[in-house]
Every structure is written in C-alpha cells, then in structure tokens.
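Read the structure below first, then the notes.
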Amino acid sequence: MKSKRAVFLFAVIGIALLAAAAWRAFYGFDWSDESYYAALTSRIYAGDVPFVQVWDIHQTSALLLAPLYSLYRAVNEACGAILFFRFVFIAFQLFLAVFSFTVFRRKVNLTCALIISLVIFIFAPYALPTMSYNTMLVGFMAFCALCLYRVDDKAYRFPLTAAGAFYMLAVISYPVLIIALPGFVPVLILKARKHNLFA
Amino acid sequence: MRVLSLSITLPFYTALACPVLMILFWDSFSFEVFAAFWLPALFSSLAVYLGSNNAVNGAAYPFILGSAASIAMLLSYNYSKSGGKYMQYTVLAVCLVLLAGFAVFRIMPVYRGDSLGKLNARINIGPAAGLYTTPQNQMLYSRIVEDLRADFTSRDSVAYIQCAPFAYMATDAHCASHTVWWIRLHSGRLLDYYRTNPAKKTEKIIIFNSYVGVHNDGDSEDALIMKFITDNYVIVGVREHYTFIIK
C-alpha cells in the first residue's frame, strides 16, 4: 500500500477509534470492579496509610493513581471520578499507541506499525476501559517491551533504563508480575549479542 | 456475556498465531519480536493466572503483547516476500478484520451491565456522575447516594457491609474497614482490622440490601442485621436500599 494512502486511511481509522472510545466512556456503570478501582484510589487520597490502614491486595496500583486523583480533586469533588479515570485511560492508551508507532516504525513497514499501534490503542481488558491494575499491567508491560525492542547500537542506555522503570511500574501495578522477569531474559540476550551490549 | 468472554480471550487466540508463524517461516522469523513481546506476554499471563481468581480465561489479556507480535510477524513477512498482490491484500484484510474485532469488543460489551442500547438514563450525582446506565440502575444508585449523603458527613467513619465500593466515594465519610471491596463478616478480617487499627473502629455500619451491587451471594441482609443486633448494635434507620445500624 502506498505510504500516503496508508497514512490517510489509518488516520481516519485512528480518529474514528478515538471518537468511539471517547463516546463509549460515557456508557455503563459497574457496581463492583470499576467502582473498586476508583474507591481504592480515593481511599489512599483520603489519607489512609497503605498496608496499615488499607488491607486491599491491589492497593499498590492505587498508589500510582493517587497523585492524578489529587489533581482531579483539587478542582472537583469526587463527583464524576469514574468518568475521569476513563478519560485518563484513553490518554494513557493514546500515548502508548503513539510510542508504539514510533518504535515499530523503525523496525517494520508503515502499515504494520499503524495496525499494531491501533490494536494496542483500542484494547481494554474485560471491556473495562479505565485505569486499573489490569490496564496498567498491560500498559506498562507494553512500554517495557517496546523500550527493549527499541534497543540498537546507537541507543541502548536510555531504552534499557526506561524498560527497567516501566517494568517497575508494572510490578507496582500488579505485584505478582515480579515473576514475569524471566520472560525478558531472552530478549536481553538477543539484544546483547546483536548489538554487542555490555561488552 | 458471550461477547465479553470473547473480548477477554481474543488476545490469546491472536497471539497463538505467532508460534505457528515461527514454525511455518522459521528462516525469516524475527526472534527479536517474539522475545520482546510474546515471551513477556506469556509470563505476564502466568502471573495474572497465579494472582487472580479469574481462571485461565481471565488471565488471557496480557497476550495483547503477543497479538502485536503476531501482527508484526504476519505483515512483515507479507511485505518482505514476493507473494503477489493478492496475497498481500488478503493478509492486510485479515489484520484489518482483527483490528475491527478488537474495536467491536472494546465498544460493544458492557461489563456486568445491559446492552448499550438500554443505557439511556444519565447519572447526575456521586462518583458515577456523567455516566449513562439503565433507568432502574440510575434510580437505585441515585437514591442510595442521596440517602447516604443525608446520613453521613466528613466527621463520620463508616463501614459498608456487602460489596458496594462506590459508596465509599458517595460521601465525605471516612472508610472504616479493611477493604473497600466485599466485606464478609464470617472471615473475621473486619474484627482483626479493628484490633490492629483501634482508631479506625466505627460504630456506624451500613448493611445494603442484597440486590445492591454484586457478589452479595452470602448472607441475606436480615441475617447480617441479626448478627450485629446480637452484638449490641441497634437499628437507627431503615432506608429504601440499606439499613443503618449503630452501637
């Protein structure tokens, strides 16, 4: 497919998906899980001490969201907090998709990079498009994997450091994820051999 | 429910293509893509499986990284080989259908809710303000939030029995329980919590009627209220959708 035509076609698809995601954010109220994600963050914001006064097993993900929620509360009451987190998620995904495109564009053809970034943008686990330990797990792991994939002869220190930082954020979001560390060993070995890193 | 189930497992099915492509196109297969995306996805999925009670299906979503690897492999191979225009467009069409699938599964299913077409009542108060839900849910939710706001202020501490996390954001009252998730009295964790956090102990308890929220498949509200009454609590208010008790 010609580059200009591909860019135009996927720009139209991308804008349509963004509009659909924004429209969809206004629909559906979940009494349980989604309210839980927001309430947990609200509790940390209210000043309850993590691990002492808060015993929820997912509280570490709320620690990451509490600063954002503080910004929201600086200008709002708790009113509309669930909708706020849905739009934060859309912004998070948009950023991830753009980053994904810039990384894949260096390695694969344009159409491929565009499709992958759009798939990453539109995906939401459990059809719950909001900031949660599930979505942050996927998002930060994607950032981490993209940084590792980005490593080459010219750029390796910053991508490797960033990959480590994103993995840390993923583990904070979902602590059991610490056991996923061995999953990164093969790519590190491949990259080290290919680009003569750590020599 | 079927659509929601498919939306959860679609990343896994898409990611499965990657190992198949590896076998088919061993010589041109990018192990870099496989190692950077597919293997971390596999390990992440394992972590989610071990860290949740959602079984194998519920642990499929990290495979979205594996799906990215599958698409990258499929399209990269497609464009690097002289398979002819027909083949190129066929593969591209497959990837676009996949993208459409992910989009439909993002937009159409409503988690634990009715279909999109039935969500036509706007919520105007509380943490869910701005959202559209069914008229029944809107009335139930709004009534609960209004009643809770009448009963509690920022000086109060309250524990909500049953699974109703939204209630903790409905007022400025402080949370007085170990979790904002489902409080199950028989677990004894609430009592353990008050023993280790005496400052958090509250005398104000709300017991929601069993149809409020989800997961309330344990004791009925009457049985729960009786448990508290035998512990010297008294009922101070019976609202439409919950009972307010105090010690």
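In what follows, chains carry the letters A, B, and so on, assigned in the order in which the sequence lines appear, proteins first and then strands, with residues in each chain numbered from 1. In this text the structure is predicted, and so the values were computed from the model without any measurement.
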### Task
Select one option (side chain, backbone, both, neither) describing which atoms of Y193(B) are under 4.5 Å from chain A's heavy atoms.
both

### Message
Less than 4.5 Å to any heavy atom of chain B: does that hold for the side chain of Y37(A), its backbone, both, or neither?
### Response
neither

### Test: E34(A) and R112(B) ion pair at under 4.0 Å
no

### Per-residue contact mode, V52(A) against chain B (heavy atom under 4.5 angstrom)
both

## Note on the structure
If one checks every heavy atom of A25(A) against chain B at 4.5 Å, the contacting part turns out to be backbone

### Message
Between R106(B) (side chain only) and A124(A) (backbone N and O only), is there a donor and an acceptor less than 3.5 Å apart?
### Response
no

### Message
Counting C-beta onward and ignoring hydrogens, is there a side-chain heavy-atom pair between L99(B) and I13(A) closer than 4.5 Å?
### Response
yes

#### Entry: Part of I123(B) within contact of chain A (heavy atom distance under 4.5 Å)
side chain

### Message
Hydrogens and angles aside, do W31(A) and N137(B) bring a side-chain donor and acceptor to less than 3.5 Å of each other?
### Response
yes

### Task
Taking the side chain as every heavy atom from C-beta outward, state whether Q53(A) and H178(B) have any atom pair closer than 4.5 Å.
no

### Task
Sort out for me which of G126(B), G101(B), G113(B) touches chain A most, counting heavy-atom pairs under 4.5 Å.
G126(B)

## Note on the structure
If one checks every heavy atom of I178(A) against chain B at 4.5 Å, the contacting part turns out to be neither

### Message
Is the distance from the ring center of Y27(A) to that of Y132(B) below 6.0 Å?
### Response
yes

#### Entry: Segment of V48(B) engaging chain A (4.5 angstrom heavy-atom cut-off)
both

### Message
Tell me which pairs pass salt bridge (charged side-chain N to carboxylate O under 4.0 Å, His left out) where either residue lies in residues 138-151 of chain A, with sequence neighbours left out.
### Response
R150(A)-D152(A)

#### Entry: Contacting region of S52(B) [heavy-atom separation from chain A under 4.5 Å]
both

### Message
Which one wins on heavy-atom pair count under 4.5 Å against chain B: F104(A), Y174(A), Y133(A), W23(A)?
### Response
Y174(A)

### Query
Which value, rounded to the nearest 0.5 Å, describes the distance between I57(A) atom CD1 and W181(B) atom CH2?
10.0 Å

### Part of I107(B) lying under 4.5 Å from any heavy atom of chain A
both

### Query
Hey, what do you get for CZ (R43(A)) to OG1 (T179(B)), rounding to the nearest 0.5 Å?
7.0 Å

### Query
Are the side chain of Y126(A) and the backbone N or O of G58(B) linked by a donor-acceptor pair below 3.5 Å?
yes

### Query
Heavy atoms, side chains only, cut-off 4.5 Å: are I82(A) and F166(B) in contact?
no

## Note on the structure
Honestly, the part of F123(A) sitting under 4.5 Å from a heavy atom of chain B is both

### Message
Does K201(B) have more than 12 heavy atoms from other residues, nucleotides or ligands lying within 6.0 Å of its NZ?
### Response
no

### Task
Against chain B, work out which of L148(A), L177(A), V151(A) has the most heavy-atom pairs shorter than 4.5 Å and name it.
L177(A)

### Task
Could you look at L17(A) and say if it's the side chain, the backbone, both or neither that has a heavy atom under 4.5 Å from chain B?
side chain

#### Entry: Heavy-atom contact with chain A under 4.5 Å, split by part of N120(B)
neither

#### Entry: D114(B) portion near chain A, given a 4.5 angstrom heavy-atom threshold
neither

### Query
By a 4.5 Å heavy-atom criterion (distance strictly below it), what part of I64(B) contacts chain A: side chain, backbone, both, or neither?
side chain

### Message
Does any backbone or side-chain atom of L137(A) lie under 4.5 Å from a heavy atom of chain B? Answer side chain, backbone, both or neither.
### Response
side chain

#### Entry: Side chain, backbone, both or neither of R189(B) within contact of chain A (heavy atoms, under 4.5 Å)
both

### Task
Please confirm whether F29(A) and Y111(B) have ring centers closer than 6.0 angstrom.
no

### Query
Does R86(A) reach the side chain of L131(B), with side-chain heavy atoms less than 4.5 Å apart?
yes

### Task
Name the region of L128(A), side chain, backbone, both or neither, that has any atom closer than 4.5 Å to a heavy atom of chain B.
side chain

### Summary
The interface call for I179(A) against chain B, heavy-atom contacts under 4.5 Å, is both

